[in-house]
Asker: 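First the structure, then my questions, so here it is.
Each chain gets a letter, A, B and so on, in the order the sequences are listed, and its residues count up from 1. Just so you know, these numbers come straight off a predicted model, no measurement behind them.
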Protein chains: 2
Amino acid sequence: MFSNSTKYAIKAVLYLAVHSSEQHKIVINDIAEPINVPKAYLAKLLQELSRQSIISSTKGLKGGFYLSNKDRERNIKDIIDVIDGEDRLNSCLLSLKDCDSKNPCSLHHLAYSQKQIILDNFKSKSLNDLAMHLKSGKSVLPL
Amino acid sequence: MFSNSTKYAIKAVLYLAVHSSEQHKIVINDIAEPINVPKAYLAKLLQELSRQSIISSTKGLKGGFYLSNKDRERNIKDIIDVIDGEDRLNSCLLSLKDCDSKNPCSLHHLAYSQKQIILDNFKSKSLNDLAMHLKSGKSVLPL
DNA sequence: TTTAAATTATGACAAAAATCATATTTAGGA
DNA sequence: TCCTAAATATGATTTTTGTCATAATTTAAA
Ligand code: FES
Ligand code: FES
């Protein structure tokens with residue numbers, strides 16, 4: 001469903017949502033290790049997310065990555081769009097130019113409406129919501 | 001969602017479902033061209049599908065690829081499993097070892113039940129069903 | 001039984017995704 | 001001001017995926 005890159009990015013951002021704050025920035029090593037993602041690769045991904053202002057960062061001593069309060073309003077789809085591109089989730093299952101109920105491919109009616117619901121879910125929950133869910137123990141962040 | 005390989009494979013099998021029969025086998029060129037897939041690559045994919053007895057083929061003069069009546073009972077998930085592997089559809093969105101409501105990742109409750117419905121849909125319609133749908137003009141096979 | 005037309009098997013090559021390495025820039029603290 | 005710890009920029013390398021080419025095998029028909 002997602003590329004590894006996006007999975008890595010989501011895990012890292014959720015980790016930041018739970019553990020970081022403006023006052024408590026986290027260094028790349030301390031993100032990569034607990035979520036079990038190759039450090040140098042994750043660095044690249046987080047740099048991209050930072051450039052696209054999905055997450056925040058400061059260089060130098062006492063620097064690191066973190067989520068600002070603004071960042072916490074974002075949702076999962078924002079992350080996917082930055083790393084995998086918007087097409088990943090929007091495009092037709094069989095790569096028709098556009099996925100459209102007027103001109104549906106053979107798989108359209110088997111998946112479209114569910115896919116829309118998933119998309120809506122991805123958009124409707126903020127990172128903050130997901131962090132709270134995690135903190136309350138109702139979900140876990142895989143290794 | 002799917003790899004290109006799987007998309008190619010699905011398109012080709014659906015093409016065969018609509019246009020081929022035991023009496024009317026179709027040569028790789030005449031499949032690859034209408035569905036707009038690189039011929040040599042498609043050949044490889046169809047050979048794999050044939051090995052896994054998802055589709056049928058005969059060599060030599062008057063040979064080609066086709067779907068037997070048995071083949072037509074298959075479904076989309078069978079194709080995906082052969083080309084992309086079963087994990088593609090079954091695995092957790094964040095690559096937890098196993099996707100399980102007892103130990104859900106942060107995205108589980110946003111997507112799991114819809115994903116199951118899609119999966120069920122992929123399993124419940126036979127290639128024959130999809131071919132009929134196509135023939136009746138209710139769906140199209142993208143370029 | 002020979003020939004032509006097809007799949008099958010094999011592998012070389014190219015492009016994209018993932019991984020690793022390192023030099024540069026920035027910011028805080030001594 | 002200078003040193004150190006951090007992100008950032010850049011790019012090399014590896015692995016996976018997708019693509020292309022071709023020789024070997026099989027089958028039907030002449
Ligand atoms: S047209 Fe293919 S999924 Fe909608
Ligand atoms: S546990 Fe991740 S999707 Fe189910």
Asker: What residue pairs, at least two apart or across chains, pass side chain to side chain donor-acceptor pair (under 3.5 Å) with a residue in residues 42-66 of chain A?
Answerer: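 For residues 42-66 of chain A: A:Glu48-A:Arg51, A:Glu48-A:Gln52, A:Ser50-A:Ser57, A:Ser56-A:Asp71.
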Asker: For nucleotides 28-30 of chain D, give me every protein contact, N/O to N/O, under 3.5 Å, one pair per line with atom names.
Answerer:
unit_1 : atom_1 : unit_2  : atom_2 : d
D:dA28 : O4'    : B:Leu61 : O      : 3.4

Asker: Just the rounded figure in Å: distance from C1' of C:dA6 to NZ of B:Lys39.
Answerer: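 B:Lys39 atom NZ is separated from C:dA6 atom C1' by 11 Å.
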Asker: Could you tell me whether B:His133 and A:His109 have their ring centroids closer than 6.0 angstrom?
Answerer: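 Centroid distance B:His133-A:His109: below 6.0 Å, so yes.
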Asker: Return the polar atom pairs (N/O with N/O) between nucleotides 12-17 of chain D and the protein under 3.5 Å, or none.
Answerer:
none

Asker: How many Å lie between NE2 on B:His24 and P on C:dA6, as a whole number?
Answerer: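 The answer, rounded to whole Å, is 11 Å.
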Asker: Calculate the interatomic distance between A:Ile28 atom CD1 and D:dT8 atom P; express it in whole Å.
Answerer: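 Roughly 9 Å, once rounded to whole Å.
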Asker: Could you tell me whether A:Leu46 contacts a base, only the sugar-phosphate backbone, or nothing, with contacts defined as non-hydrogen atoms closer than 4.0 Å?
Answerer: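 Since no nucleic acid heavy atom lies under 4.0 Å of A:Leu46, the category is nothing.
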Asker: Within the side chain of A:Lys125, is there an N or O that forms a donor-acceptor pair under 3.5 Å with the backbone of A:Leu130?
Answerer: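 Not at all, since once roles are kept as given, no pair shorter than 3.5 Å links the two residues.
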Asker: Starting at the 5' end of DNA chain C, which residue's closest nucleotide do you reach first, A:Thr6 or B:Gly64?
Answerer: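 Closer to the 5' end of DNA chain C: B:Gly64.
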Asker: At less than 4.0 Å, is any side-chain N or O atom of B:Ser57 found next to OP1 or OP2 of C:dT8? Yes or no.
Answerer: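 For C:dT8, OP1/OP2 do have a side-chain N/O of B:Ser57 under 4.0 Å.
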Asker: Which whole-number value in Å describes the distance from B:Leu49 CG to C:dT8 P?
Answerer: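 Distance check: B:Leu49 CG to C:dT8 P gives 11 Å.
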Asker: How far does NZ of B:Lys7 sit from CE of B:Met1, to the nearest 0.5 angstrom?
Answerer: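 One finds 10.5 Å between NZ of B:Lys7 and CE of B:Met1.
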Asker: Within the side chain of A:His108, is there an N or O that forms a donor-acceptor pair under 3.5 Å with the backbone of A:Cys99?
Answerer: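 Not a single qualifying donor-acceptor pair exists.
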Asker: Please report the distance, rounded to the nearest Å, between CG in A:Asp84 and P in C:dA18.
Answerer: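 Distance check: A:Asp84 CG to C:dA18 P gives 8 Å.
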Asker: To the nearest angstrom, how far is B:Gln47 atom CD from D:dT26 atom C1'?
Answerer: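 Checked: the CD to C1' distance equals 13 Å.
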Asker: Looking at D:dA7, I'd like to know if its phosphate oxygens (OP1 or OP2) sit under 4.0 Å from a side-chain N or O belonging to A:Arg51.
Answerer: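 For D:dA7, OP1/OP2 do not have a side-chain N/O of A:Arg51 under 4.0 Å.
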Asker: I want to check one thing: is the phosphate of C:dT26, taken as OP1 and OP2, less than 4.0 Å away from some side-chain N or O of A:Thr58?
Answerer: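 No.
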Asker: Over all strands shown, is A:Leu45 touching base, sugar-phosphate only, or nothing at heavy-atom distances under 4.0 angstrom?
Answerer: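 Nothing: the residue A:Leu45, judged by heavy atoms under 4.0 Å, touches no strand.
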Asker: What about A:Leu45 and A:Ile35, same hydrophobic cluster or not, with Ile/Leu/Val/Met/Phe/Trp/Tyr joined at side-chain heavy-atom distances under 4.5 Å?
Answerer: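 In one cluster: yes.
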Asker: Out of curiosity, B:Leu94 CG to A:Ile76 CD1, how far, rounded to the nearest 0.5 Å?
Answerer: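 If we round to the nearest 0.5 Å, B:Leu94:CG and A:Ile76:CD1 are 7.5 Å apart.
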Asker: To the nearest Å, how far apart are A:Tyr66 OH and C:dA27 P?
Answerer: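 Whole-Å distance recorded here is 12 Å.
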Asker: What's the NZ-C1' distance between B:Lys25 and D:dT26, to the nearest Å?
Answerer: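 Distance check: B:Lys25 NZ to D:dT26 C1' gives 13 Å.
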Asker: Is a side-chain N or O of B:Asp30 found less than 3.5 angstrom from the main chain of B:Val27, in a donor-acceptor match?
Answerer: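 Side chain of B:Asp30 to backbone of B:Val27: no pair is present.
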Asker: Transitively linked via ILVMFWY side-chain contacts under 4.5 Å: B:Ile26 with B:Tyr41?
Answerer: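 Same cluster: B:Ile26 reaches B:Tyr41 through Ile, Leu, Val, Met, Phe, Trp or Tyr contacts under 4.5 Å.
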Asker: Same cluster for B:Tyr112 and A:Ile80 if Ile/Leu/Val/Met/Phe/Trp/Tyr side chains link at under 4.5 Å?
Answerer: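 No, no single cluster joins them.
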Asker: Would you tell me if any nitrogen or oxygen in the side chain of B:Ser50 comes within less than 4.0 Å of OP1 or OP2 on C:dT7?
Answerer: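 Looking at the OP1 and OP2 atoms of C:dT7, neither is under 4.0 Å from any side-chain N or O of B:Ser50.
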